[in-house]
Amino acid sequence: MNVNNKKIILAVSASIAAYKTPELVRLLVKAGAEVQVLMTPAAADFVTPLSLATVSKKEVFANVSNHAQWNNHVHLGRWADVLLIAPCSANTLAKMANGLCDNIVQAVYLSATCPVLVAPAMDDDMWHHPATKANLATIQAYGNKVIAPEHGELASGIVGMGRMADPVNILAYLNTFFEPAKAVQNHFKRALITAGPTYEKLDPVRFIGNYSTGKMGIAFARVLAEQGTQVDLVLGPTSEQVAIPGVEVHPVESAQEMYDKCLSLYDKADIAIMTAAVADFRPVTKAGEKIKKKEGDEHMLLELVKNPDILATLGSLKKEQILVGFALETNNELENAKKKLQKKNADYIVLNSLNDSGAGFGQETNKVSIISAQHVEELPLQSKYEVAQSVIKYLISQ
Ligand code: C5P
């Protein structure tokens, strides 16, 4: 099942992210959905009703009445298979939490008998405000689902949390939403995910690190949390910020810290997904003061010692958990990934190759294959969010 033949109300509220809604409507219509657009009166400052009416091929309602005609909000709320409020501004969120009813979006929301999904969009500070957090918790307690915002550049110029989820990812969320209900939550109540690089200190100001951003692991955390799984995300040093409802972030720096944290959380997990780019070695000694070069030094030798292998250790301790490792290979990809599967006693290895364009460190997209003892499943190039969705869907189908 997916959005094909589904009746979707898209309610647009007044956020700059409203400029993305014609694209969202186009994606939904292309995927076979019937879309009725509603807007709050202020949303028309950000996107024109004419654009949305054109792409949805339906009149857009921005008021409960147009003086000559009453728009039946009760009928609309019963007609739809889902009410999607995107973008959901801080103001609309607050009204939803408090049952206010001063525009057509609120009237349809309050009378809707269908499931309600919201894709919040607001500035970083607004997203982190305790009032917003409380409002989110309230609307979730009412049974509404939140499509978590993403991290990135915001209208204010600030880089932070609060960008509305990308339309492609909203479509992917909806497609999964129409799959048999709660499949993910039934399989995986709790997940342990590692993400990002590790930094291995040389002295107080230097470290050995790598280019991993943690985006792939964060996408897994987002997908699982959105489906009701409680997520422990053990996150190495990264500029990515994570404020996703249902995801507890455990910041760590070194491989040893990541190892210790994972071991303390592993017992509770039903699934562990190791996406982190963990340093294989760390300096034998960590200088207490900044290492100085001496007169005449042309070379410097660093002595390194092996770090513990987190994935292999979890593999050796495995009970009921599903254990998923990642492999970034540059040559003999499949053969090496299969060896890794055995050596680390993992159930699956997700292989990404640096040879594929659009895949790997820092990219928004990824192209992977899922390798198990019996089968190799190749996935197309997709956004990291879609990759995470496809992998989870595949694991559940096994
Ligand atoms: O052996 P290799 O580093 O290529 O294996 C990659 C997989 O193992 C990834 O899932 C990575 O997160 C995990 N790993 C780990 N601990 C290490 C090294 C890698 O968990 N010390």
Side-chain angles (χ1 to χ4, degrees), residues 191-201 207-221 224 231-238 240 250-267 269 271-284 304-318 321-356 359-362 366-373 379 384 387-388 391-392 394-395:
L192 168 63
I193 298 173
T194 64
T198 61
Y199 284 0
E200 310 298 329
K201 267 201 178 119
F207 58 83
I208 299 174
N210 60 67
Y211 292 120
S212 171
T213 57
K215 284 178 200 272
M216 191 64 246
I218 294 168
F220 271 104
L224 285 166
V231 178
D232 286 303
L233 177 64
V234 183
L235 186 59
T238 168
E240 296 290 312
H250 305 270
V252 293
E253 190 171 289
S254 64
Q256 186 64 50
E257 283 172 24
M258 190 174 268
Y259 175 89
D260 293 340
K261 187 46 84 183
C262 285
L263 253 62
S264 73
L265 294 165
Y266 187 49
D267 262 359
I271 180 167
I273 306 176
M274 305 285 104
T275 72
V278 185
D280 290 326
F281 293 91
R282 66 175 180 274
V284 171
L304 304 175
V305 58
K306 201 145 194 254
N307 270 327
D309 189 317
I310 307 168
L311 179 60
T313 309
L314 299 191
S316 70
L317 298 171
K318 190 148 68 88
Q321 294 97 336
I322 301 287
L323 185 57
V324 184
F326 264 67
L328 180 69
E329 302 288 343
T330 51
N331 61 316
N332 293 336
E333 289 120 334
L334 199 55
E335 198 184 313
N336 286 337
K338 281 190 169 160
K339 275 190 199 146
K340 211 162 279 184
L341 185 75
Q342 275 201 336
K343 211 170 96 192
K344 307 210 185 199
N345 195 29
D347 298 296
Y348 301 93
I349 289 286
V350 178
L351 169 68
N352 45 18
S353 163
L354 269 187
N355 298 330
D356 286 318
F361 285 143
N366 207 357
K367 185 172 181 305
V368 304
S369 310
I370 309 167
I371 291 144
S372 64
L379 299 179
K384 288 190 170 169
V387 168
V391 171
I392 297 294
Y394 178 78
L395 299 189

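What you are looking at is a predicted structure, and each value in this text was computed from that prediction instead of being measured. In listed order, ligands and their atoms are each counted from 1.
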Just to be sure I understand the cut-off, which residues have at least one non-hydrogen atom under 4.0 angstrom from an atom of ligand 1? Met274, Ala276, Val278, Asp280, Pro308, Asp309, Ile310, Leu311, Gly325, Phe326, Lys340, Lys344
Quick check for you: to the nearest 0.5 Å, what is the distance between Asp309 atom CG and Asn307 atom CG?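 If I round to the nearest 0.5 Å, the distance is 9.5 Å.
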For the side chain of Ser369 and the backbone of Leu351, is there at least one donor-acceptor N/O pair under 3.5 Å apart? no
Using a 3.5 Å distance criterion without hydrogens, assess whether the side chain of Asn210 forms a donor-acceptor pair with backbone atoms of Pro197. no
In this structure, are over 12 heavy atoms from other groups packed under 6.0 Å from Lys201 atom NZ? no
As a quick check of understanding, evaluate side chain to side chain contact (heavy atoms under 4.5 Å, CB included) for Leu334 and Ile371, giving each step before the final call. CA-CA 8 Å; Leu334 199 55; Ile371 291 144; 3.7 Å; yes
Can you name the residues that form a salt bridge (charged side-chain N to carboxylate O under 4.0 Å, His left out) with Glu240, not counting sequence neighbours?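 Counting only residues at least two positions away or on another chain, Glu240 forms a salt bridge (charged side-chain N to carboxylate O under 4.0 Å, His left out) with Lys215.
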